[in-house]
Amino acid sequence: QVLQDLQSSPARCPFHHSGEGTITDQVDPTGRAISANAAAFDAFEGPYQVDPAEALRWSRAQEPVFFSPKLGYWVVSRYEDVRTVFRDNITFSPSIALEKMTPNSPEANAILARYGYAMNRTLVNEDEPVHMERRRALMHSFVPDELIRHEPMVRRLTREYVDRFIDKGEADLVDEMLWEIPLTVALHFLGVPEEDMAKLREYSIAHTVNTWGKPTREQQLAVAEAVGKFWQFAGGVLDKMRADPSGHGWMQYAIRRQMDLPDVVTDSYLHSMMMAIIVAAHETTAHASANALRLLLQNRDAWDEICANPSLIPNAVEECLRHAGSVVAWRRLVTADTRIGDVAVPQGAKLLIVTASANHDERHFENPDDLDIYRDNTTDHLTFGYGSHQCMGKNIARMEMRIFLEEFTKRLPHMELVPDQTFTYLPNTSFRGPDHLYVRWDPDRNPERRDPTILKGHAAFEIGAPAKHGLARQVRVAEVSQEADGVIRLTLEEPHGRPLPSWTPGAHIDVMVGNYARKYSLCGGRENPSRLQIAILKDEAGRGGSTYIHHTVSPGAMIRIRGPKNHFRLDESAEHYLLVAGGIGITPIIAMADRLKQLGKDYTIYYAGRSLASMAFIDRLRLDHGDRLHLYAKAESQQLDLNAVIRSAPGDTRIYACGPERLLQALDQIMQDQPERLHVEHFSAIGTQLDPDNEVPFEVELKDSQLSVQVPADQTLLEAIRAVGVDVPSDCEEGLCGTCEVNVVAGEVDHRDKVLSNAERAEGRRMMACCSRARSGKLVLAL
Ligand code: HEM
Ligand code: FES
């Protein structure tokens with residue numbers, strides 16, 4: 001009963017917005033005053049339990065790293081900072097990942113001692129170099145060829161469980177399916193015999209509360225009993241396995257590996273892992289599946305789209321993991337005085353890195369609070385962690401979630417959430433999923449009653465991250481207008497009148513021409529959510545995409561687009577701005593100018609082109625931006641003197657520029673002493689693409705992973721790194737966006753990207769893995 005009470009704590013409390021920006025008389029461990037928001041932050045009740053990403057919106061905006069006196073942890077809420085922490089597991093040790101958040105009473109500890117409880121290092125909380133040795137020794141069971149063996153079982157179970165309730169017209173999906181299938185699959189994967197499922201569910205909840213919760217003294221006693229029994233249970237299973245370690249399971253595999261590597265796969269590891277992994281493998285997946293179904297049913301348009309087109313399911317799963325992940329925060333220990341972003345954090349600090357908040361950071365994801373199943377950088381989410389400890393089981397979880405969705409969208413497309421239900425969650429810092437998910441439908445409308453053949457066959461989803469190809473949304477061309485000589489403006493609308501994703505100045509969309517994507521910056525007003533505008537210059541010397549669009553696109557035509565994405569974000573914190581555009585580079589600049597005007601900032605636009613007739617948007621710019629606009633038409637012998645313009649601007653002016661390469665290079669040259677003030681967007685990827693006939697193979701050492709990789713002439717560095725199982729995110733894959741940046745420890749880089757400035761290249765510490773290569777010999781990377 002005590003455990004049940006714990007489980008059904010309602011998510012109550014409205015958000016509090018008081019105290020914004022105000023300071024309390026408390027100080028953090030570095031002696032800095034603590035803000036009222038930071039002082040009020042509570043990880044166990046209130047806003048964080050209702051919605052962790054929303055609860056930290058203020059932090060992402062104002063105080064991305066803060067000390068929480070209630071928790072005794074530093075909280076990290078922005079995407080880049082969370083990823084930086086994950087990336088460096090030496091400065092930010094994972095050793096506290098499974099430590100108890102709330103210390104036990106002596107009585108509860110006595111109970112645990114009675115059971116001989118000795119939870120210790122597994123993988124997730126192991127430091128280097130042991131962690132990597134162990135991870136590599138045990139990796140085999142997670143390779144795609146091994147995982148695929150579990151797929152028929154997931155399909156069979158999903159079919160059987162849905163059969164049990166499909167004619168009933170209602171179900172609690174958590175109790176009747178989503179808890180048990182991931183548990184059965186987890187046990188199968190681990191090689192653990194299927195025991196009493198109810199008992200294991202109780203144990204799992206106890207382990208979660210014990211590790212990430214804040215049980216009262218009374219609850220601690222019940223939790224300790226259950227955790228103690230779980231520990232004994234894990235030991236018992238291990239003993240049986242040791243007697244016969246011949247099975248297929250991951251744990252039997254680990255026992256066999258122990259014979260060769262006793263110092264790497266230790267007894268303590270096996271016992272601790274046996275207990276931890278049952279929870280890690282099943283509770284995470286059960287919660288993630290429930291979160292995903294809830295979210296999709298609440299966003300009916302998205303649900304209808306995946307019902308109509310199951311090939312969207314893998315990306316929809318990923319977007320649900322981003323939007324409402326089942327792991328919302330993870331932990332690290334700071335091993336040396338350091339900085340996270342601008343904030344100094346002392347050695348010994350404990351960090352709560354809130355992945356749910358990072359996943360809703362508008363600095364990384366456009367319109368992050370929308371569920372957008374077409375989002376093509378959604379796989380960048382941090383729900384599976386990142387870097388060398390990144391979840392090993394992510395592809396099992398993905399497989400299960402995809403099959404659940406496939407089965408539901410096929411057999412119960414008319415299913416809906418029971419209205420007005422209150423969702424309850426087990427209060428804790430890290431694991432999140434509703435205790436119940438009540439759905440209903442009219443069994444008479446079950447598609448299989450009319451057409452039983454729908455049950456035959458199934459979609460083929462490849463193991464792994466969703467493929468980006470084919471992931472494009474259809475939009476209708478609403479208007480085509482001539483904007484200038486050789487430039488047309490397209491207005492695009494969602495064919496069903498639904499809102500399109502919102503976007504920020506500097507964002508672009510990819511327009512698909514065949515299988516190729518062409519990038520066009522968004523340049524219209526942002527007030528109409530169902531329309532997007534782009535302007536396209538007919539580039540006779542280009543790859544043919546723009547000419548094709550000019551010749552073929554007319555009002556009413558359907559085209560496919562990806563995005564919006566933003567690699568050219570406007571930092572709104574400065575006071576003075578110079579906006580420099582060359583030719584069609586005006587498209588992102590005009591959106592920035594509109595925004596700066598709205599914000600009341602000091603800005604000036606310098607816009608250069610061949611002739612006034614060829615320069616787009618002049619009338620609109622004159623109307624909206626008046627004397628802030630300066631035009632330079634070459635045909636009229638007007639010359640833009642960048643040096644003079646920059647010299648006369650205040651010293652802290654931010655410069656945003658888009659245009660031809662020579663313009664951007666000139667700016668790069670002028671700004672080489674202060675590269676941080678210059679932000680540019682290149683619209684040409686010329687020179688970044690792999691040309692196998694002219695490349696040479698080279699060797700790369702991945703220092704953190706202790707791997708050596710050969711990069712042949714016909715492969716990019718990014719492809720080669722991924723082929724050995726190391727995840728590096730990417731987006732454009734043509735050297736334009738900076739997503740695939742990796743840190744260089746040694747070696748000479750042949751930079752081919754358009755992201756780094758000359759000064760950054762000369763420093764030689766960073767490179768873009770999608771296009772850059774070794775100048776000679778070998779590269780050593782911090783990966
Ligand atoms: C590690 C989340 C499913 C096995 C992790 C970490 C997270 C996570 C956040 C820590 C990452 C880091 O420190 O960078 C999830 C989520 C899941 C899921 C959200 C489901 C949606 C699974 C499954 C399995 C699994 C199904 C196994 C069958 C592991 C293992 C690690 C891990 C072994 C430790 C990796 C290491 O430290 O090297 N997971 N997990 N997980 N997960 Fe998962
Ligand atoms: Fe965009 Fe490499 S993925 S620069």
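Each ligand, and each atom within it, is numbered from 1 in the order the structure gives. Count residues from 1 along the sequence.
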Visitor: Name the closest protein heavy atom to atom 6 (C) of ligand 1, giving the residue it belongs to and the distance to 0.1 Å.
Guide: F384 O, 4.2 Å
Visitor: With the threshold set at under 4.0 angstrom, would you say R332 reaches ligand 1 through any of its heavy atoms?
Guide: yes
Visitor: From atom 12 (C) of ligand 1, work out which of H287, H389, M401 has a heavy atom at the shortest distance.
Guide: H389
Visitor: Of all the non-hydrogen atoms in the protein, which one sits nearest to atom 1 (Fe) of ligand 2, and at what distance?
Guide: C737 SG, 2.2 Å
Visitor: What protein heavy atom sits nearest atom 4 (S) of ligand 2, and how far away is it?
Guide: G738 N, 3.3 Å
Visitor: State if D753 counts as touching ligand 2 under the rule of any non-hydrogen atom under 4.0 Å.
Guide: no
Visitor: For residues S93 and D127, is any side-chain donor paired with an opposing acceptor at under 3.5 Å?
Guide: yes
Visitor: Tell me the contacting part of Y386 for ligand 1: side chain, backbone, both, or neither, using a 4.0 Å heavy-atom threshold, strictly below.
Guide: backbone
Visitor: Side chains of N125 and S95 only: does a donor on one sit below 3.5 Å from an acceptor on the other?
Guide: no
Visitor: Just wondering, more than 12 heavy atoms not from R765 lying within 6.0 Å of its CZ?
Guide: no
Visitor: Could you check Y425, F423, F431, W179 and say which one makes a ring-ring contact (aromatic ring centres under 6.0 Å, His included) with H287?
Guide: W179
Visitor: Pairing donors with acceptors under 3.5 angstrom, does anything connect the side chains of N210 and K100?
Guide: yes
Visitor: Under 4.0 Å from a heavy atom of Q390: which atoms of ligand 1 are those, numbered in the order shown and with their elements?
Guide: 14 (O)
Visitor: Starting from atom 18 (C) of ligand 1, locate the nearest protein heavy atom and write down its residue, its atom name and how far away it is, to 0.1 Å.
Guide: T284 OG1, 3.4 Å
Visitor: Has V185 got any heavy atom lying under 4.0 angstrom from an atom of ligand 1?
Guide: no
Visitor: Can you tell which of A292, C391, A97 gets a heavy atom nearest to atom 39 (N) of ligand 1?
Guide: C391
Visitor: Considering heavy atoms of the protein only, find what lies nearest to atom 24 (C) of ligand 1 and give residue, atom and distance to 0.1 Å.
Guide: G393 CA, 3.4 Å
Visitor: Quick check on atom 2 (Fe) of ligand 2: does C770 put an N/O/S atom closer than 2.8 Å to it?
Guide: yes
Visitor: Step through it carefully: locate the ring centre of F86, locate the ring centre of Y386, and say whether they are under 6.0 Å apart.
Guide: no
Visitor: Within the 4.0 Å heavy-atom shell around I396, which atoms of ligand 1 are there?
Guide: 28 (C)
Visitor: How many angstroms lie between CZ in R322 and CG in D380, if you round to the nearest 0.5 Å?
Guide: 10.5 Å
Visitor: So, does A280 sit close enough to ligand 1 that a heavy atom of it is under 4.0 Å from the ligand?
Guide: yes
Visitor: Could you tell me whether some N/O pair between W250 and ligand 1 is separated by less than 3.5 angstrom?
Guide: no
Visitor: Can you confirm whether E462 is buried at CD, in the sense that more than 12 heavy atoms of other residues, nucleotides or ligands lie under 6.0 Å from that atom?
Guide: no
Visitor: Any heavy atom of E400 closer to ligand 1 than 4.0 angstrom?
Guide: no
Visitor: State if H131 counts as touching ligand 1 under the rule of any non-hydrogen atom under 4.0 Å.
Guide: yes
Visitor: Quick one: nearest non-hydrogen protein atom to atom 2 (Fe) of ligand 2, plus distance?
Guide: C740 SG, 2.2 Å
Visitor: Give the residue, atom name and distance (to 0.1 Å) of the protein heavy atom nearest atom 9 (C) of ligand 1.
Guide: T383 O, 3.4 Å
Visitor: Do the two ring centres, one from W231 and one from H271, sit under 6.0 Å apart?
Guide: yes
Visitor: Can you tell me how far apart CZ (R569) and NE2 (H679) are? Round to the nearest 0.5 Å.
Guide: 13.0 Å
Visitor: Among all the protein's non-hydrogen atoms, which is closest to atom 30 (C) of ligand 1, and how far away is it?
Guide: M392 N, 4.0 Å
Visitor: Compute the ring centroids of H381 and H323, then answer whether they are less than 6.0 Å apart.
Guide: no
Visitor: Heavy-atom distance to atom 26 (C) of ligand 1: which of A288, G433, A281 wins?
Guide: A281
Visitor: Mark the output for S326 as yes if a heavy-atom distance to ligand 1 is under 4.0 Å, and as no if none is.
Guide: yes
Visitor: With a 6.0 Å cut-off on ring centres, are H188 and H248 close enough?
Guide: no
